[in-house]
Amino acid sequence: MPQIDLSVYLIIGPQDCPGQDPVAVVEAAVNNGTTLVQLRDKTGSTREQVDLARRMMAVLEPKGIPLIVNDRVDVALAVDAPGVHVGQSDMSAADARRLIGPEKVLGLSVSSQADLDAADPAILQYLGIGACYPTGSKADADDVGIKSFGALTVQSSLPVVGIGGINHSNAEEVIAHGAAGVAVISAICGDHMPGKASADLAKLVFQAKQRYA
C-alpha cells in the first residue's frame with residue numbers, strides 16, 4: 001500500500017482553477033511542498049476525468065506522490081490510481097474497499113460524532129474531518145468548527161486531515177488541534193503563484209507539527 005503524507009493535501013479539479021491547467025497547478029504544488037493530491041472533478045465527463053487523472057498520474061508517479069480520486073471509483077480503477085476518497089453521500093467505504101482491493105489507500109470524510117463512530121479503521125487509512133471553517137469550495141460541507149474538529153480528531157485512531165476553509169492564516173490552528181495535515185483548495189488553486197503558496201503552506205505546517213508534536 002502506498003505511504004501517504006497528509007501534511008499538505010491539495011484537492012483540485014477544473015472547477016477550482018478556471019483559466020489554468022489543473023495539471024500545471026499540481027506540478028507547481030508538488031514541486032513546492034504539497035505531499036498528496038486528490039482529484040475532485042465535479043464538471044468533467046467520465047472520459048475527461050480519466051484523461052485528467054492520467055495526466056496527473058504522469059506528474060505524480062515519478063515523485064512518489066499518490067493520486068487520490070474523490071468519489072469516482074471507476075475513474076480510479078481506470079488509471080490504477082493509488083487511492084480513493086469517499087464522502088458520507090458517496091459509495092460506502094465498505095463497498096469502495098471491496099472494489100479497489102486491499103492495497104489501495106482509502107479515505108473517508110467525517111463531520112459528526114455519528115460519522116466517526118461508524119467509520120471502520122480496519123478498511124481506512126485516514127479521515128478527513130471538517131469543515132473546520134466556513135468554506136465556499138464545497139457548498140454542502142457541514143460546518144463542524146475548529147473546537148468540534150479537535151474533539152473528533154482526538155478520538156480517531158486514524159490520522160486526520162483537516163478540511164474546509166483552511167488557509168495560511170489558520171493552518172497552524174488545525175495542526176494544534178491534532179491534525180496530521182491540512183487539505184486545501186483555494187489556498188493553492190486560488191493563488192496566482194500556486195508554487196509559492198504551496199511552499200509557504202508546507203513551511204507553516206512543518207513548523208506547526210514540530211511545535212505541537
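Index from 1, following the sequence.
In this structure, Met193 is not a member of the same hydrophobic cluster as Val205, with clusters built from ILVMFWY side-chain heavy atoms closer than 4.5 Å.
Distance check: Ile185 CD1 to Tyr9 OH gives 10.5 Å after rounding to the nearest 0.5 Å. Here Ile65 contributes atom CD1 and Gln3 contributes atom CD; the two are 14.0 Å apart, rounded to the nearest 0.5 Å. Expressed to the nearest 0.5 Å, how far CD of Gln38 lies from CD1 of Ile11 amounts to 4.5 Å. Remark: His177 NE2 to Leu152 CG distance equals 11.5 Å, nearest 0.5 Å. Note that OG1 of Thr153 is 11.0 Å distant from CG of Leu158, once rounded to the nearest 0.5 Å. Distance check: Ile12 CD1 to Ser186 OG gives 11.5 Å after rounding to the nearest 0.5 Å.
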Handout entry: Audit row: Ile129, Ser148, side-chain contact (heavy atoms from CB on, under 4.5 Å) steps and yes/no
Key = CA-CA 10 Å; Ile129 299 182; Ser148 294; over 6 Å; no
Q. Lys196 and Asp200: salt bridge (Lys or Arg N to Asp or Glu O under 4.0 Å), yes or no, with the steps?
A. CA-CA 6 Å; Lys196 183 178 186 305; Asp200 290 346; 2.7 Å; yes
| said: Pair Asp117, Gln113 - check side chain to side chain donor-acceptor pair (under 3.5 Å), show working. | reply: CA-CA 6 Å; Asp117 292 343; Gln113 186 68 52; 2.9 Å; yes
* To do: Apply the test side-chain contact (heavy atoms from CB on, under 4.5 Å) to residues Leu116 and Leu127: give CA-CA distance (whole Å), side-chain angles for both, the deciding distance (0.1 Å), then the verdict.
  => CA-CA 9 Å; Leu116 181 63; Leu127 300 178; 3.5 Å; yes
Salt bridge (Lys or Arg N to Asp or Glu O under 4.0 Å), that's the test. Do Asp80 and Lys104 meet it? Break it down for me.
CA-CA 9 Å; Asp80 195 23; Lys104 303 283 189 183; 2.4 Å; yes
- Query: Taking it one step at a time, do Arg97 and Asp120 satisfy salt bridge (Lys or Arg N to Asp or Glu O under 4.0 Å)?
  - Reply: CA-CA 11 Å; Arg97 174 55 75 196; Asp120 182 357; over 6 Å; no
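Between Arg72 and Asp90 the shortest side-chain heavy-atom distance does not fall below 4.5 Å. Side-chain contact check for Lys42 versus Asp71: some heavy-atom pair is nearer than 4.5 Å. The closest side-chain heavy-atom distance from Pro66 to Val105 is not below 4.5 Å. Leu52 places none of its side-chain heavy atoms less than 4.5 Å from the side chain of Gln49. Side-chain contact between Asp16 and Pro22 is absent, with no heavy atoms from C-beta onward closer than 4.5 Å. Taking 4.5 Å as the limit, some side-chain heavy atom of Phe149 sits within range of a side-chain heavy atom of Val160. Counting heavy atoms from C-beta outward, Asp5 and Leu36 have side chains that stay 4.5 Å or more apart. Thr43 places none of its side-chain heavy atoms less than 4.5 Å from the side chain of Glu48.
Partners of Ala53 by side chain to side chain contact (heavy atoms under 4.5 Å, CB included), not counting sequence neighbours, listed by chain and number: Leu39, Leu67, Val75, Val79.
Annotation for Gly162 and Cys132: closest pair CA-SG, 3.9 Å, computed over non-hydrogen atoms. In plain terms, the two heavy atoms of Met56 and Val26 that are nearest each other are CE-CG2, 3.9 Å. Between Gly164 and Ala131, the closest heavy-atom pair is CA-CB, 4.0 Å. Of all heavy-atom pairs spanning Val144 and Gly130, the tightest one is CG2-O, 3.0 Å. Considering all non-hydrogen atoms of both residues, Leu124 and Ala93 come closest at CD2-CB, 4.1 Å. Here the shortest heavy-atom pairing between Val50 and Ala78 reads CG2-CB, 4.0 Å.
Judged by distance alone, with hydrogens and angles left aside, the side-chain atoms of Asn170 form a donor-acceptor pair with the main-chain N or O of Asn167 at under 3.5 Å. Remark: the backbone N or O of Ile188 is not paired with any side-chain donor or acceptor of Asp191 at under 3.5 angstrom. Gln15 places a side-chain N or O within 3.5 Å of a backbone atom of Arg40 that can act as its donor or acceptor partner. Side chain of Ser198 to backbone of Thr34: a donor-acceptor contact under 3.5 angstrom is found. Distance alone, capped at 3.5 Å, places no donor-acceptor pair between the Gln125 side chain and the Gly107 backbone.
Among residues at least two apart or in separate chains, ring-ring contact (aromatic ring centres under 6.0 Å, His included) pairs with a member in residues 57-108 are His85-Tyr126. Sequence neighbours left out, the pairs with a member in residues 159-172 that pass salt bridge (Lys or Arg N to Asp or Glu O under 4.0 Å) are Glu172-Arg211.
No more than 12 heavy atoms of other residues, nucleotides or ligands sit less than 6.0 Å from atom CZ of Phe206.
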